[in-house]
Structures are given as C-alpha cells and as structure tokens.
Visitor: 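I'd like to ask some things about the structure below.
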Amino acid sequence: MTKYVKLAAMAGYQPERVVTNDELSQFIDTSDEWIQSHTGIKERHYAIDENTSDLGTQVARKLLAQMGMEATEIDLIIVATISPDALTPATAAIVQGNIGATKAFAYDISTACSGFVFALSTAEKFLRSGAYQNAIVIAAETMSKTMDFKDRTSAVFFGDGAAGALLTTTDSPVEEIFHGEKLCTQGDKDVIHSGRVQPLSQVTGDNYPVMDAFYQNGRAVFEFATTTVLAHIKEFMQEHNLQADEIDMVVPHQANLRIIEKLSQGLGIPLEKFAINVQTAGNTSAAGIPLALNQELAKGKRPQKALLIGFGAGLSYATMLVDLSYFN
C-alpha cells in the first residue's frame, strides 16, 4: 500500500538571552540604525551555556509531548546544522541519547540555510519506503559561537535557535504534506564558509587544529539570493503550474529582511504572505524556516500551498511545496 507522509507536530525553541543591536554596538563598530536599515534585524537570541544539541533536545521533547509519544517510537532523527556540538559525534546522535530514542538511527545534514528543506526531503524518502513510520527533523543552530565579533558584516546578522517537525506515515492522501521539491547545489566554497580546519603542513610535536570563524561575502550572498535563487523559485513554480496568486504562504530562509523584500517583489507575491521572524530572531541559518513556519502555525494559519525556500552556503538552495491545510 502506498504510504503518505504527514506533519504530525511542530515545535520551536529559542534561548532566553536576547541581544539587542545597541548591546552589540558597545563592542562592534556599528549602530542600531545601521543594522536595521541594512538587515531589518532589531534583536536576536544567544545561547549561553547551551549547545546546539541542547536546543535540539528541547525541540525533540516538545514534539514528543505534543503527540503523547515515547521516544522509543521514533525511527529516525535528522538534525540540520552548521554549528554542531562537534565534528563527531553527530549532534543528532547526542539528541537521540538525550531523549532516549534507542530505536532511532540519527545523523546530521550540513547544507547551511537550506538544511531544514534538505532534511525534510531526506526524511520523506525514508518514510515513503514503508520501512519507517516516525521521524524527527530538527534544524538547530548556535551561530553565536562561530562568530568573529570583529567582523561586523557577519556578526550582527546571526542568532541562535531551533525548531523541528515530527513526521509520520499515513494511509490518507488528504494528509500528505509533500507536493514537490527542487534541491540544488552550486559548488562555491568561498562565498560563505565556517569552521575551516587547516591541513597539516609539517609533522611536529606542537601541531594543534585551528578552526576558522564564520565568514560571508555579503554582496555575493545578496546577488546569489536575488538572481540565482529568484530564478530557481520561478522555475519551480512554472514546473508545478503555480501562479503567484495561488500561493498561500512563503516561508523563506530568514537571511535578512531586505533579501526577503526583494524575493517578494521579484515573485509578485505580497510580503504579507511571507512568514518572517528575522527582525526578532536574526538569521538563524537552518533554523530560520522552521522557526518562522512554527510561528505561523501557532497563529492558526493552515496554508494549502506553502513554499519553503532555503538558500545558503554550499552554495545550496531548495524550494519545496507543502500542504498544511489538514494540520491539527
């Protein structure tokens, strides 16, 4: 029997510590006026004494509580992140251990700000096979720990947070969430990068690994988002016979408000239809899309045709068409 996949639950988590533009301007050569005019961001959350797995664990526990499920009922856990606790073990494995999901296999996906869409796509294939019934997909980032706070072109953008979905199989086509996707990669290692580890140059007793801070070329990112990504979305809509006025909601990567405004103009879809949280959450990388979507679902919105749009380091970009009209 054909298996369909539905969104059973959704949850988000943001650290308590709020960092305003004024606070950043105390030690970064910037100002609230500059940050808001260039990015639309007013504040963001920073994880203090919490790591990425801690944020992800909070989300996983919320998802299980919503469903009244035991962790042992979960078959798969995927965490999308570019700010993991460590290179190994996977952050997803730490979450799995924290919640006691002893029957689940777990791993991370690293496609930056497209991570949640890539992770959803991956989980959907496992569930569709019929071999697995329940999957938790989480995007979790502690971007603050990766920042060079002398680099104002990057540091002022980013915040921390996590959000995710619990997906289950269903025999009802009415409850199917996934209705189309287009995932892309444009290999370019220099526009955005983080955590680069230098190769060994010589064999000596004092060698010790050094990891680079996060970096992005802001102008190149803006150009990529407003040309390549915009063209990609238009192509996706054409392939799926979607007109702008048929779209109920757009949930874009929360890069910055100016890019989102450009996408709205380029697509001919009113900004009012865009789920936006960047003003108070900052750019939370992979977590931006699910945090914004969870925010809209909490308001009672149930879009039949919603576009999830991710784009970021890789360069990676992805568009997914989902139906959430049935969501409880």
Side-chain angles (χ1 to χ4, degrees), residues 12-32 34-56 59 79-85 91 110-116 138-163 191-196 211-222 224-225 252-260 276-292 295 310-316:
Y13 175 78
Q14 290 177 281
E16 291 184 7
R17 181 70 157 85
V18 175
V19 179
T20 65
N21 294 340
D22 286 333
E23 182 173 353
L24 288 181
S25 67
Q26 293 176 20
F27 54 89
I28 300 177
D29 183 18
T30 189
S31 67
D32 175 64
W34 188 94
I35 296 172
Q36 287 206 50
S37 64
H38 286 77
T39 72
I41 298 168
K42 300 176 183 177
E43 60 187 29
R44 73 286 292 146
H45 294 248
Y46 279 178
I48 307 298
D49 297 323
E50 290 181 293
N51 217 330
T52 304
S53 64
D54 298 312
L55 275 58
V59 171
V79 171
T81 185
I82 58 166
S83 53
D85 286 24
T91 299
S110 176
T111 54
C113 310
S114 302
F116 186 68
I138 297 170
E141 302 283 18
T142 50
M143 294 298 294
S144 59
K145 71 183 181 186
T146 72
M147 291 295 117
D148 172 5
F149 284 97
K150 296 182 179 64
D151 176 13
R152 69 172 184 172
T153 62
S154 295
V156 300
F157 282 84
F158 291 89
D160 303 338
V191 174
I192 308 170
H193 57 80
S194 183
R196 285 181 170 177
M211 188 174 291
D212 288 345
F214 180 92
Y215 166 83
Q216 69 174 0
N217 181 327
R219 288 185 180 275
V221 171
F222 189 88
F224 164 64
H253 163 48
Q254 305 294 306
N256 71 62
L257 187 57
R258 306 303 162 233
I259 286 178
I260 295 172
I276 303 172
N277 67 7
V278 69
Q279 301 98 320
T280 56
N283 181 337
T284 50
S285 186
I289 290 174
L291 275 171
Q295 166 187 297
F311 50 91
L315 296 165
S316 65

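Computed from a prediction, not measured in an experiment: that's the story for all the values here.
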Visitor: Are the side chain of T52 and the backbone N or O of S83 linked by a donor-acceptor pair below 3.5 Å?
Guide: yes
Visitor: Treating S194 as the side-chain partner and A213 as the backbone partner, does any N or O pair qualify as donor plus acceptor under 3.5 Å?
Guide: no
Visitor: Enter the distance from I138:CD1 to Y13:OH here, rounded to the nearest 0.5 Å.
Guide: 13.0 Å
Visitor: Judged by atom type as modelled, is there a donor-acceptor pair below 3.5 Å linking the side chain of D160 to the main-chain atoms of S144?
Guide: yes
Visitor: Does any N or O in the side chain of N21 come within less than 3.5 Å of the main-chain N or O of I41, such that one atom is a donor and the other an acceptor?
Guide: yes
Visitor: I'd like to know if the side chain of S31 pairs up with that of S25 as donor and acceptor (distance under 3.5 Å, no hydrogens or angles considered).
Guide: no
Visitor: Could you tell me the separation between the CD1 atom of I192 and the CZ atom of F214, rounded to the nearest 0.5 Å?
Guide: 5.5 Å
Visitor: So, taking the atom named CG in N217 and the one named NE2 in H193, what distance separates them when rounded to the nearest 0.5 Å?
Guide: 9.5 Å
Visitor: When you measure from the side chain of Q254 to the backbone N and O of P252, does any donor-acceptor pair fall under 3.5 Å?
Guide: yes
Visitor: Is it the case that the side chain of R152 and the backbone of D29 share a donor-acceptor pair, with hydrogens and angles ignored and the cut-off at 3.5 Å?
Guide: yes
Visitor: Hey, are the side chains of T142 and L55 touching, using non-hydrogen atoms and a 4.5 Å cut-off?
Guide: yes
Visitor: Just checking, any donor-acceptor pair under 3.5 angstrom between side chains of E43 and T280?
Guide: no
Visitor: Between G312 and C113, what is the shortest heavy-atom contact and its length?
Guide: CA-CB, 4.1 Å
Visitor: Judged by atom type as modelled, is there a donor-acceptor pair below 3.5 Å linking the side chain of Q216 to the main-chain atoms of A313?
Guide: no
Visitor: If you count heavy atoms of other groups shown closer than 6.0 angstrom to NZ of K145, is the number above 12?
Guide: yes
Visitor: Would you check if there is a donor-acceptor pair between the side chains of S316 and T111 at a distance under 3.5 Å?
Guide: no
Visitor: How many angstroms lie between CD1 in I35 and OG1 in T20, if you round to the nearest 0.5 Å?
Guide: 8.5 Å
Visitor: Got a donor-acceptor contact below 3.5 angstrom from the R44 side chain to the V278 backbone?
Guide: no
Visitor: Would T284 and E141 count as having a side-chain donor-acceptor pair, cut-off 3.5 Å?
Guide: no
Visitor: Measuring from atom CD of E50 to atom CZ of R17, what distance do you get when rounded to the nearest 0.5 angstrom?
Guide: 13.0 Å
Visitor: Is any side-chain heavy atom of F222 closer than 4.5 Å to a side-chain heavy atom of I259?
Guide: yes
Visitor: Assess, by modelled atom type and distance only, whether the side chains of E23 and Y46 contain a donor and an acceptor separated by less than 3.5 Å.
Guide: no
Visitor: Judged by atom type as modelled, is there a donor-acceptor pair below 3.5 Å linking the side chain of D85 to the main-chain atoms of S53?
Guide: yes
Visitor: To the nearest 0.5 Å, how far apart are CG in N283 and CG in L257?
Guide: 12.0 Å
